[in-house]
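We're numbering straight along the sequence, starting at 1. Note that the structure is a prediction, hence the values are computed from the model and not measured.
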Amino acid sequence: MPGMVKFYSHFLGSPKDQDSSMEAMANGGAVARDGSELIVLGSGSSTGVPSPVCLLRPSDPPCAVCHKAIALPPQINKNYRSNPSLLIKFLHGDGELRFIQIDAGKHFKEQVLRWYLPNKVPRLDAILLTHEHADAMLGLDEIRGVQPYDSLNRIKPLSCFLSQETMDSVAEKFPYLVQKGVKEGQEIRRVTQLNYKIVQTSCDAPFDVEGLEFTPLPVMHGEDYLCLGFLFGRKSRVAYISDVSRILPETEQLISQESGGQVDLLFLDTLYKKDKHNTHFCFPQSLEAVKRIRPKRALFVGMTHEFDHELDNEFLANWSKTEGIDVRLAYDGLRIPIDL
């Protein structure tokens, strides 16, 4: 164990050094005046990086990014990527911090253990779901792990904001998370306690989550499937769109500079670097969307093993200078101080 501690310390430095380094990279060294910040819990595709098949049956030559993704521990490895998810930490009007998470996918427990602990996140106050795919909601069962323990489930349910379509899927996949009460003769079993709140799939239907307003950003995730992104923040406007193949006109108008809705930070899907995909933006489409929308800053999420964090961020640094928009790849554990 001492050897492992020394190993981590060699790469990570002290916790204070880690925090300062991440903040400097994320926001020019600035600290949010109100104590708010965003923590990227996951920045990869549904499979994540490394891709198991690249390690089980290596190609010739081997997949460079997947091997980089296991060369160092995930906490210090920007090529290790889990399912897309964002934690929002903000100061409520009552003077207390609130913790809101967007999506709880297959890697939820891993993300909690990896990023809640070092960032001293004590609890989860609410969750928003973008859609009902595995990488967005299969972690709902694991939420009980961050809820107070009570064998008879006598705890306050966690608010879960989702569309009716996603609610229908939750009821089908997790009937025990939706059931109210216990049937005659049925044993009480400890499960995640959720209070479902249906939101509209319209830009005209904002809703309140723990004192912070969110506006749905409907987008197409394949032409047969509507997915939600979210716009939030009073002092700084943040748009989060993790799964998209086409941005609907009303959504683009709400967040674009041309229409007067420029956002301070845009999180945007980008799956492959060169290939096209029928249900996701890929790198060329993501860059084109950023040029149209013109946020002040953009962070790409949802990347597969085609993306090498360091090399592709070098390309984006040059692209950003040419286009006048700060764009880079996100990474798991990235902390972004931002006044909300």
Colleague: Against L231, only a single residue in I241, T215, V238, T251 fulfils side-chain contact (heavy atoms from CB on, under 4.5 Å); can you say which?
Modeller: T215
Colleague: Hydrophobic clustering (ILVMFWY, side-chain heavy atoms < 4.5 Å, transitive) - are L329 and V301 grouped together?
Modeller: no
Colleague: For residues A239 and I255, report the shortest heavy-atom separation together with the two atoms involved.
Modeller: CB-CG2, 4.2 Å
Colleague: Counting neighbours of CD on Q257 that are heavy atoms of other residues, nucleotides or ligands and sit closer than 6.0 Å, is the number greater than 12?
Modeller: yes
Colleague: Considering all heavy atoms of both residues, which atom of A298 and which atom of V290 are nearest to each other, and what is their separation?
Modeller: CB-CG2, 4.1 Å
Colleague: Take H131 and D243 through the test side-chain contact (heavy atoms from CB on, under 4.5 Å) and record every step on the way to the result.
Modeller: CA-CA 9 Å; H131 63 308; D243 294 80; 3.4 Å; yes
Colleague: Looking at side-chain heavy atoms only, is the closest gap between M167 and V178 below 4.5 Å?
Modeller: yes
Colleague: For a side-chain contact (heavy atoms from CB on, under 4.5 Å) check, start with the C-alpha distance between R234 and D339, then their side-chain angles and the critical distance, and finish with the verdict.
Modeller: CA-CA 8 Å; R234 296 180 295 268; D339 288 322; over 6 Å; no
Colleague: Quick check: is I127 connected to I198 through a chain of hydrophobic side chains (ILVMFWY, heavy atoms under 4.5 Å apart)?
Modeller: yes
Colleague: For the residue pair F214 and F230, does the interplanar ring angle fall in the parallel (under 30°), tilted (30 to 60°) or perpendicular (over 60°) class?
Modeller: perpendicular
Colleague: Give a yes or no on whether F99 atom CZ has more than 12 heavy-atom contacts from other residues, nucleotides or ligands under 6.0 Å away.
Modeller: yes
Colleague: I want to check something: taking the side chain as every heavy atom from C-beta on, are D135 and P84 in contact at a cut-off of under 4.5 Å?
Modeller: yes
Colleague: Nearest 0.5 angstrom please: I102 CD1 to F232 CZ, how far?
Modeller: 5.0 Å
Colleague: Please report the interatomic distance NZ(K197) to CG(L162), rounded to the nearest 0.5 Å.
Modeller: 12.0 Å
Colleague: Let me know which of E306, E310, H305 forms a side-chain contact (heavy atoms from CB on, under 4.5 Å) with D308.
Modeller: E310
Colleague: Please tabulate, for side-chain N and O atoms in residues 261-271, each donor-acceptor pair with protein atoms closer than 3.5 Å (sequence neighbours left out).
Modeller:
| unit_1 | atom_1 | unit_2 | atom_2 | d |
| --- | --- | --- | --- | --- |
| Q262 | NE2 | R294 | O | 2.8 |
| D264 | OD1 | K296 | NZ | 3.1 |
| D264 | OD2 | R237 | N | 2.8 |
| D269 | OD1 | H280 | ND1 | 3.4 |
| D269 | OD2 | V244 | N | 3.1 |
| D269 | OD2 | H280 | ND1 | 2.8 |
| T270 | OG1 | F283 | N | 3.0 |
| T270 | OG1 | S286 | OG | 3.2 |

Colleague: If you look at every heavy atom in F281 and R246, which pair is closest and at what distance?
Modeller: CE2-N, 4.0 Å
Colleague: Go through the steps to decide whether H67 and L55 satisfy the test side-chain contact (heavy atoms from CB on, under 4.5 Å), and finish with yes or no.
Modeller: CA-CA 7 Å; H67 281 77; L55 305 178; 4.0 Å; yes
Colleague: Can you see which heavy atom on A69 is nearest to which on P50, and at what distance?
Modeller: CB-CD, 3.7 Å
Colleague: May I ask you to test the L299-R328 pair for a side-chain heavy-atom distance under 4.5 Å?
Modeller: yes
Colleague: Please name the residue in the list L140, L194, N195 that meets the side-chain contact (heavy atoms from CB on, under 4.5 Å) test with L158.
Modeller: L194
Colleague: Are I143 and I39 connected in a single hydrophobic cluster, I mean Ile/Leu/Val/Met/Phe/Trp/Tyr linked by side-chain heavy atoms less than 4.5 Å apart?
Modeller: yes
Colleague: Taking the side chain from N153 and the backbone from Q193, do they hold a donor-acceptor pair closer than 3.5 Å?
Modeller: no
Colleague: Treating Ile, Leu, Val, Met, Phe, Trp and Tyr as nodes and any side-chain heavy-atom pair under 4.5 angstrom as an edge, say whether L316 and V65 lie in one connected cluster.
Modeller: no
Colleague: Whether the side chain of T279 engages the backbone of G222 through a donor-acceptor N/O pair (distance < 3.5 Å, no angle test) should be reported.
Modeller: no
Colleague: Taking the side chain as every heavy atom from C-beta outward, state whether V170 and M137 have any pair of such atoms under 4.5 Å apart.
Modeller: yes
Colleague: Going by the side-chain hydrogen bond (donor to acceptor under 3.5 Å, both in side chains) test, which pairs reach into residues 169-178, not counting sequence neighbours?
Modeller: E132-S169, E132-K173, D141-Y176, S169-K173
Colleague: Is a side-chain donor or acceptor of S259 paired with a backbone partner of S256 at a separation under 3.5 angstrom?
Modeller: yes
Colleague: With hydrophobic residues grouped by side-chain heavy-atom distances under 4.5 Å, do I336 and L128 end up in a single group?
Modeller: yes
Colleague: Working to the nearest 0.5 angstrom, can you tell me the gap between S163 OG and L228 CG?
Modeller: 5.5 Å
Colleague: Is any side-chain heavy atom of K89 less than 4.5 Å from a side-chain heavy atom of V121?
Modeller: no
Colleague: Might you point out which heavy atoms bring V191 and L177 nearest each other, and give the distance in Å?
Modeller: CB-CD2, 3.9 Å
Colleague: How far apart are the closest heavy atoms of F315 and L287, and which atoms are they?
Modeller: CE2-CD1, 4.2 Å
Colleague: Can a donor-acceptor pair be found between the side chains of Q164 and D168 at a distance below 3.5 Å?
Modeller: yes
Colleague: Output yes when a side-chain donor or acceptor of S320 lies under 3.5 Å from a complementary backbone atom of V327, and no otherwise.
Modeller: yes
Colleague: Any chance you could measure L97, atom CG, to H92, atom NE2, to the nearest 0.5 Å?
Modeller: 11.5 Å
Colleague: Heavy atoms, side chains only, cut-off 4.5 Å: are L87 and W115 in contact?
Modeller: no
Colleague: Give, for atom SG of C203 and atom CG of L254, the distance between the pair rounded to the nearest 0.5 Å.
Modeller: 5.0 Å
Colleague: Would you say R81's side chain and T304's backbone share a donor-acceptor pair under 3.5 angstrom?
Modeller: yes
Colleague: Please confirm whether the backbone N or O of P249 pairs with a side-chain atom of E252, one donor and one acceptor, at under 3.5 Å?
Modeller: no
Colleague: Does the N79 side chain pair with the main chain of H309, one donor and one acceptor, at a distance under 3.5 Å?
Modeller: yes
Colleague: Can you list every side-chain hydrogen bond (donor to acceptor under 3.5 Å, both in side chains) pair that touches residues 98-110, not counting sequence neighbours?
Modeller: S46-K106, Y80-E110, N83-H107, S85-Q101, D94-R98, R98-E210, Q101-Y116, D103-T130, E110-R114
Colleague: Quick one, Y331 and V40 - any side-chain contact, counting heavy atoms below 4.5 Å?
Modeller: no
Colleague: Taking C-beta and beyond as the side chain, do H277 and D275 meet within less than 4.5 Å on heavy atoms?
Modeller: no
Colleague: Atom CD1 of I88 and atom CG of D125: how far apart are they, to the nearest 0.5 Å?
Modeller: 11.5 Å
Colleague: Carefully, step by step, assess C160 and L129 under the rule side-chain contact (heavy atoms from CB on, under 4.5 Å).
Modeller: CA-CA 7 Å; C160 179; L129 298 181; 4.0 Å; yes
